[in-house]
Amino acid sequence: MGIFFLNLHLEKMEFKPVIYQLFPRLFVNFNEHCVPNGTIKQNGSGKMNDISSKLLDGIKELGVTHVWYTGIIEHAHVTDYSEFGIKSNNPHIVKGNAGSPYAITDYYDIDPDIAENVPQRMKEFEELVTRTHEAGLKVIIDFVPNHVAREYHSDVKPRGIRDFGADDDVNYFFNPNNDFYYITRQLFSPSIDLGEGDDRYVEFPSKASGNDCFTAFPGGNDWYETVKLNYGVDYGDGSRHFDPIPPVWFKMLHILRYWAAKGIDGFRCDMVFMVPLEFWEWAIPKVKKSYPDLIFIAEIYDVNLYRDFIFRGGFDYLYDKVNLYDTLRGIECSNFSAAQLTDCWQTVEGIGDKMLNFLENHDEQRFASDFFARDASLVIPSLVVTAMIGGGAVMIYQGQELGERGADAEGFSGQDGRTTIFDYWSMPTVRRWVNNGKCNLEKLTQKEKDLRKKYAKILTLCNSEPAIRNGRFFDLMYVNYQNDTLDPHRQFVFLRGEADNYLVIAVNFSDRPVNLHVNIPAHAFDLLELVQGEVDSTELLSGKKLKRTVGPETPFVTEVPPHDAAIWKVQKKKKRNKSKSTISDKKD
C-alpha cells in the first residue's frame, strides 16, 4: 500500500454519480402548519404528481445525476385505504402515523400516501420515472431484502406469487423452506402497547424481528414493526442451507426483476450485510443479465466486508459511513484531526471508486442540526472532501443544500436532529424552495441562496472536471506535516490529476483564514506527469486566475478562508512525443 498515492478508479466511468435522496411524502408536502403526531388529514402528504419537470430541473441544476426516491414501495401506515382494496395495518405495530418506509407491506405496490389518485398509483409512479428520465436524471428506489412489516400482505402480486409466510410450517424456529423464523409456542409480547379487545395485535407464534432479534419480547428500540426473512441461515446453530435454493431467494429475485422492468436505473439495498453474501452473489448477476446498466448500492457498516460485497457480491457502490462519514463528523464535532482523512483513503485503497460518500441521509442527523455542526455554512470543507476525495458516488439528502436543520419534534420521531421518516410532515426550507410548484429562490433567505449556489458549484465540478470524475488522487499531507503554514489537524491538502490538467485542493476546517504554502513532491510531478515552471491556474470556486511557478522546490501558495476550500485547476503544458492516450493508459 502506498503511503501517499491512490489510484481510485477500477474502471473508467462516463460520469460520477451525484445522487439526490428525495422522500416524496415529505418533499412536496406544502402544509405550513403540521402538528406533532398529525394524521394525513391534518398534515397532508406529498404526492408523486407534484414532482414536476420544473422541480426536477431545479434538482438537476445542483449537478445531480440520479434521484433516489425513498418510500416508494407500499409500507405499513395508520391511514386506512381499505376502500381501495388495500389491507389496513394494526396501528399498534406501526411506528408513527405514516410508518417506516422500511416496513414493507407489499413489495409489488406503490405506497398510497404518495398517490394523488390511489387506484392509479402505479401509473403515477411510471409517469414519475418517465418525467425523471426526460429531465436527464436517473431513478433509484429502495430494495428492502432483510425484513418485511409484521402484517405483510400483497394485494396486487402477480399470478403465481405467494405471500411471504403463506406456506411456512410455524412449528419450527428454523426450516430451510420457511420464509420467517418463529419463536415457537410464544406469543409476540414486545415492550410496547399492543392494544385491547378487538383492536389488539395478536401474533402467535411470534416471529423474529428484523434486527436479528430472535425473541418474542423485543424492546422499544428494536425493529419490532418488522419480521426477519429467512435466507437459509439457521441462527440457532449457525448452519447455512443454500442447496436447494431457499424460497426467499426466488421471491426476492422476482421482486428485483419486477421493478427493474419498470425502467428504474438502480436499487439502494437496505442493510445488505444482514442478508447472506451468497444471495447477492447469486441474484445480482441474474438481474444484470437482463438489465446490465442497473446499479446496486449497498447500505453497509463494516469496512472488513467492503471488498467481499464488491468483488463477490457484485455491488456497484457501498456506503462509506463508518470510514469517511464518521471521520468527517469527528473532525467537525469531536476534535478529530484532519490528518485522519489519510487513513480514510488508505482504508479503501483500490476500491475508492466503489464508495458512496455522504454527509446526510435519512438515518443521520442533519449537518446544520444542534446535534452536529449547528451551522450549515460550515459544510464546505466536508462537502469538498466528500465529493472529491474519491471517484465514486456522492449523495446529498433533501434540503441539505438549503441548510435544513431537522429541528422539529414531529411525533414518533422526536427532536433528534433528523428529518422524520415515520410522520406526516413537511420541511420548511424545501417547502419554501418548492414554493407551491414554482421551484425558485423567491422565499429563500440570502444565506440559503448562497448555500445552494455553493452546493451547485461543488457538485457540478464532480462531472465537469475530468480530474475529479476519472483522475488520480495524490495525498499531500505526508510532505506537509512540518509545514509552518499548515496545521495538519485543521487543514487537508491533496491533488487530483488527469491527462490535461490537475487540481490542487485545500480544505480548511478551522475558524480562521490560512495562507498555505503547499509542498508538492517530485514524486507527484513524475507520477502525475505534471509540468514544472510557469503555469496557468484557475481557482474553480471563485473564478480567480493566476500565472504561477510550480515545482518540487516551489510551494503552491493559496489562501483558504475559514471553513472553506480552494480548488485550483492547473493546466498542463503538452510535452513533445507524449500522446494523450499514453497518459490515459498509464492512469488506468
Side-chain angles (χ1 to χ4, degrees), residues 6 8-9 12-20 57-66 136-138 317 324 328 341 345 352-353 355-360 367 376-397 400-402 449-476 492-509 518 528 535-546 556 558-561 563-572 587:
L6 176 61
L8 281 166
H9 71 281
K12 190 170 182 179
M13 297 182 298
E14 294 182 3
F15 61 87
K16 176 185 176 79
V18 179
I19 301 168
Y20 192 96
D57 288 343
I59 290 175
K60 189 178 181 184
E61 287 174 358
L62 294 170
V64 169
T65 61
H66 295 65
L137 296 165
K138 294 183 180 294
Y317 300 100
L324 185 63
L328 287 167
L341 291 169
W345 72 256
D353 278 7
M355 296 297 104
L356 183 148
N357 297 332
F358 57 85
L359 290 173
E360 294 188 18
F367 183 90
S377 67
L378 306 183
V379 77
I380 303 305
S382 293
L383 180 62
V384 167
V385 171
T386 297
M388 299 182 185
I389 195 171
V394 60
M395 181 174 74
I396 65 169
Y397 185 43
Q400 179 182 335
E401 76 283 8
L402 301 171
K449 293 176 186 177
D450 292 343
L451 185 65
R452 190 177 194 276
K453 185 176 180 181
K454 288 178 180 178
Y455 266 87
K457 171 66 75 174
I458 291 166
L459 295 176
T460 298
L461 289 174
C462 289
N463 279 298
S464 66
E465 291 299 325
I468 299 173
R469 185 178 69 245
N470 283 313
R472 284 179 152 186
F473 169 96
F474 195 105
D475 190 336
L476 295 174
F492 185 68
V493 289
F494 59 98
L495 301 176
R496 294 300 302 267
E498 57 94 39
D500 295 326
N501 56 68
Y502 65 96
L503 305 180
V504 180
I505 302 174
V507 299
N508 178 17
F509 293 96
V518 180
L528 299 183
V535 295
D536 295 320
S537 63
T538 304
E539 204 288 300
L540 297 178
L541 299 181
S542 66
K544 183 178 181 181
K545 297 179 182 295
L546 285 177
F556 192 101
T558 182
E559 295 180 354
V560 190
H563 302 286
D564 211 332
I567 305 169
W568 286 95
K569 180 177 182 177
V570 181
Q571 196 69 32
K572 292 182 183 178
K587 180 183 65 177

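Quick note: residue numbers are just sequence positions, from 1. Please read these numbers as outputs of a predicted model, since none were measured by experiment.
- Interatomic distance, Asp564 CG to Leu378 CG, rounded to the nearest 0.5 Å: 10.5 Å.
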* **Working for side-chain contact (heavy atoms from CB on, under 4.5 Å), residues Val570 and Phe556** => CA-CA 11 Å; Val570 181; Phe556 192 101; 3.8 Å; yes
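- Note: Phe15 and His66 have tilted aromatic rings, judged against thresholds of 30 and 60 degrees for the angle between ring planes.
- Separating the CG atom in Leu359 from the CZ atom in Phe367 is a distance of 6.5 Å, to the nearest 0.5 Å.
- Here Met388 contributes atom CE and Lys16 contributes atom NZ; the two are 8.5 Å apart, rounded to the nearest 0.5 Å.
- Between Glu360 and Met395, the shortest heavy-atom contact is O-CE, 4.2 Å.
- Note that the CD atom of Glu401 and the CG atom of Leu459 stand 9.0 Å from one another [nearest 0.5 Å].
- Contact record, Leu503 with Leu540: CD2-CD1, 4.0 Å, taken as the closest heavy-atom pair.
- With hydrogens and angles ignored, the 3.5 Å screen pairs no side-chain donor or acceptor of Glu559 with any backbone N or O of Pro561.
- Of all non-hydrogen atoms in Ile19 and Ala393, the two that sit nearest each other are CD1-CB, 4.3 Å.
- Among the candidates Thr538, Leu495, Leu546, the single residue satisfying the side chain to side chain contact (heavy atoms under 4.5 Å, CB included) test with Trp568 is Leu546.
- With Lys569 as the fixed residue, the side chain to side chain contact (heavy atoms under 4.5 Å, CB included) test singles out one of Ile505, Leu461, Asn501, Val504: Asn501.
- Using a cut-off of 4.0 Å between Lys/Arg side-chain N and Asp/Glu carboxylate O, Arg452 and Glu61 are scored as salt-bridged.
- With values rounded to the nearest 0.5 angstrom, Asp450 atom CG is found 12.0 Å from Leu402 atom CG.
- Lys60 meets the side-chain contact (heavy atoms from CB on, under 4.5 Å) test with Leu137; sequence neighbours excluded.
- Between Ile468 and Arg496, the closest heavy-atom pair is O-NH2, 3.1 Å.
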* To do: Apply side-chain contact (heavy atoms from CB on, under 4.5 Å) to the pair Arg472 and Leu528, showing each step before the final yes or no.
  => CA-CA 8 Å; Arg472 284 179 152 186; Leu528 299 183; 3.8 Å; yes
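- Residue Lys449 qualifies as enclosed at atom NZ: its count of foreign heavy atoms under 6.0 Å is above 12.
- Here the closest heavy-atom approach between residue Gly392 and residue Tyr317 is recorded as CA-CE2, 4.2 Å.
- Going from atom CG of Leu451 over to atom CD of Gln400 covers 8.5 Å, rounded to the nearest 0.5 Å.
- Here the options are Leu328, Val507, Leu324, the test is side chain to side chain contact (heavy atoms under 4.5 Å, CB included), and the partner is Ser382; only Leu328 passes.
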* To do: Given ring-ring contact (aromatic ring centres under 6.0 Å, His included), test Phe358 with Tyr397 step by step and report yes or no.
  => CA-CA 8 Å; Phe358 57 85; Tyr397 185 43; over 10 Å; no
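- Closest heavy-atom contact between Cys462 and Val394: SG-CG1, 4.4 Å.
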* Does the pair Ile380 and Ile458 meet the rule for a side-chain contact (heavy atoms from CB on, under 4.5 Å), with working shown? -> CA-CA 9 Å; Ile380 303 305; Ile458 291 166; 4.0 Å; yes
